[in-house]
Amino acid sequence: MTLPSPLGGPPPEEVTLPRAPLARVLAQVRYPSILYIGEKSRLAPFQADVRAQYPIFREDSGQNFKVEMSPGGPAIETERSTLWRFGSVDGVWLITLTPEAVTLETRAYESRAEFVQRLAHVLACVETHFAPGIAERISMRYVTRVTDEGYDRIDDMVEPGLLGLAIPEFRRHVTHAISEAAIEIEEGALFLRWGVLPPNGTFDPFVLEPIGKPSWVIDIDVSITGFTDFKAGALADHFYALAKRAYAIFRHMVTDAFLALYGGRS
């Protein structure tokens, strides 16, 4: 089945946004549990291979989130897990390793090429030292947060059909209005959130820290579910395709005024 753009087909030409309001970008590979990843003594070879870029190490014990797409929408499961964190000195890049998944995230995204290159290296290290063998789910998530001038001009910044209750005559009275959609895409599945958040509001404190001002958010989560070989190079290709699909969705949602405000040049 051929899906309509932007759910299928090639993405538009990428426009660099020097002041892109991306709050966070994440990529994750889930795999069947590898119990010895929970043992700190087994981490040293992996740490040695990533330490040049991610020298800050810490151990956390927290909730690990698993998202499964179903006909009724996303089902989110939580479980307690040991989280191994490997971060950059400036704090804007972070690897999270657990017995069930590896995640790379950043708050300083510049391009899909740079991000996927970094991700490929992390996946190669996981493949070398832990040999997952198969991947169960791969996903990328782009979280955009518009504040200040962008928020004040939101009716010019996003496609009119997406404004909902944030239309100009209602917006000053709307404190919280988040829409959600689970959608089929060419590569797999899309879970989309967008809308208005009040000061100190969030729908996911792990990826979108509360701030003291109102904001408009776009949360694009694209994924492929199903068993595939855990080969770093092949997985990187899948992630590059997911990144392009997420960009196609983003460009469908925003206007030329959005691109111009954040420094876009085609």
Side-chain angles (χ1 to χ4, degrees), residues 17 19-28 60-69 72-80 83 85 87 91-94 96 103-109 139-183 189-223 246-247 249-255 257-259 261-263:
L17 300 181
R19 300 184 297 278
L22 274 168
R24 194 159 307 208
V25 177
L26 307 94
Q28 184 183 80
D60 284 342
S61 178
Q63 288 184 321
N64 193 22
F65 288 82
K66 182 177 181 179
V67 180
E68 297 289 350
M69 299 304 297
I76 302 175
E77 300 178 4
T78 62
E79 55 188 17
R80 301 297 294 181
L83 310 176
R85 312 280 199 184
V92 300
W93 288 89
L94 182 68
T96 300
T103 305
L104 178 67
E105 62 183 89
T106 185
R107 293 183 286 109
Y109 185 91
S139 60
M140 283 200 74
R141 188 173 178 185
Y142 289 79
V143 183
T144 297
R145 175 162 54 193
V146 174
T147 60
D148 302 322
E149 181 182 356
Y151 180 80
D152 294 337
R153 295 176 49 196
I154 200 63
D155 46 306
D156 295 325
M157 303 277 283
V158 302
E159 289 298 326
L162 300 174
L163 285 172
L165 289 175
I167 57 177
E169 55 265 41
F170 292 161
R171 189 170 66 248
R172 70 174 61 185
H173 308 293
V174 175
T175 57
H176 181 105
I178 295 294
S179 299
E180 296 183 353
I183 305 170
L190 162 68
F191 181 52
L192 186 64
R193 286 191 184 107
W194 72 97
V196 173
L197 285 176
N200 300 312
T202 183
F203 48 71
D204 186 343
F206 294 95
V207 300
L208 190 69
E209 296 92 346
I211 59 173
K213 60 182 71 174
S215 57
W216 176 272
V217 293
I218 301 174
D219 181 5
I220 300 171
D221 189 332
V222 285
S223 63
Y247 184 71
I249 300 297
F250 167 76
R251 285 291 301 275
H252 186 76
M253 298 180 74
V254 303
T255 66
F258 186 108
L259 302 181
L261 180 62
Y262 295 106

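Every value quoted in this text rests on a predicted model; they were computed, and no experiment measured them.
Every residue two or more places apart in sequence or in another chain was checked for a ring pair (Phe, Tyr, Trp, His ring centres under 6.0 Å) with W194, and none qualifies. Taking T103 as the reference, L26, Q28, T96 meet the side chain to side chain contact (heavy atoms under 4.5 Å, CB included) condition, with sequence neighbours excluded. Every side chain to side chain contact (heavy atoms under 4.5 Å, CB included) that H176 has, sequence neighbours left out, goes to I178, L197, P198. In this view, Y262 satisfies the side-chain hydrogen bond (donor to acceptor under 3.5 Å, both in side chains) rule with no residue, not counting sequence neighbours. Listed by chain and residue number, nothing satisfies the salt bridge (charged side-chain N to carboxylate O under 4.0 Å, His left out) test with R107 (two or more places apart in sequence, or in another chain). R145 is linked by a salt bridge (charged side-chain N to carboxylate O under 4.0 Å, His left out) to nothing, counting only residues two or more places apart in sequence or in another chain. For E209, the side-chain hydrogen bond (donor to acceptor under 3.5 Å, both in side chains) partners two or more places apart in sequence, or in a different chain, are R24. When the ring pair (Phe, Tyr, Trp, His ring centres under 6.0 Å) test is applied to F250, the partners found at least two apart in sequence or on another chain are F258. Take D155 and apply the salt bridge (charged side-chain N to carboxylate O under 4.0 Å, His left out) test, not counting sequence neighbours, and it matches R171. Among residues two or more places apart in sequence or in another chain, the side-chain hydrogen bond (donor to acceptor under 3.5 Å, both in side chains) test is passed with R153 by E149. Applying the side-chain hydrogen bond (donor to acceptor under 3.5 Å, both in side chains) rule to Y247 yields the partners R251; only residues at least two apart in sequence or on another chain are considered. With sequence neighbours excluded, the residues forming a salt bridge (charged side-chain N to carboxylate O under 4.0 Å, His left out) with D148 are K213, listed by chain and number.
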Criterion side-chain contact (heavy atoms from CB on, under 4.5 Å) on V158 and M253, from CA distance to verdict: CA-CA 6 Å; V158 302; M253 298 180 74; 5.8 Å; no
Check against side-chain contact (heavy atoms from CB on, under 4.5 Å), R141 and V207: CA-CA 10 Å; R141 188 173 178 185; V207 300; 3.6 Å; yes
Pair Y151-V196, side-chain contact (heavy atoms from CB on, under 4.5 Å): steps then yes or no: CA-CA 9 Å; Y151 180 80; V196 173; 3.7 Å; yes
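In this structure, the separation between CD1 on I218 and CE on M157 is 9.0 Å, given to the nearest 0.5 Å. With values rounded to the nearest 0.5 angstrom, D219 atom CG is found 8.5 Å from T144 atom OG1. A distance of 7.0 Å separates CZ of R19 from CG of L261, quoted to the nearest 0.5 Å. Here L94 contributes atom CG and L83 contributes atom CG; the two are 10.0 Å apart, rounded to the nearest 0.5 Å.
A donor-acceptor pair under 3.5 Å links the side-chain atoms of T255 to the main chain of D156, judged by distance alone. For S215 (side chain) and V217 (main-chain N/O), no donor-acceptor pair under 3.5 Å exists by modelled atom type. The backbone N or O of W93 lies less than 3.5 Å from no partner atom in the side chain of T106, so there is not a single donor-acceptor pair.
Heavy-atom minimum distance, W216 versus I154: CG-CD1, 3.4 Å. Closest of all the heavy-atom pairs between I249 and L190 is CD1-CD2, 3.9 Å. Closest heavy-atom contact between D204 and T202: N-OG1, 3.1 Å. Between E180 and R193 the shortest heavy-atom distance is OE2-NE, 3.2 Å. Pairing each heavy atom of G212 with each of P199, the nearest pair is C-CB, 3.8 Å.
In this structure, the side chains of T147 and I211 come closer than 4.5 Å at one or more pairs of heavy atoms.
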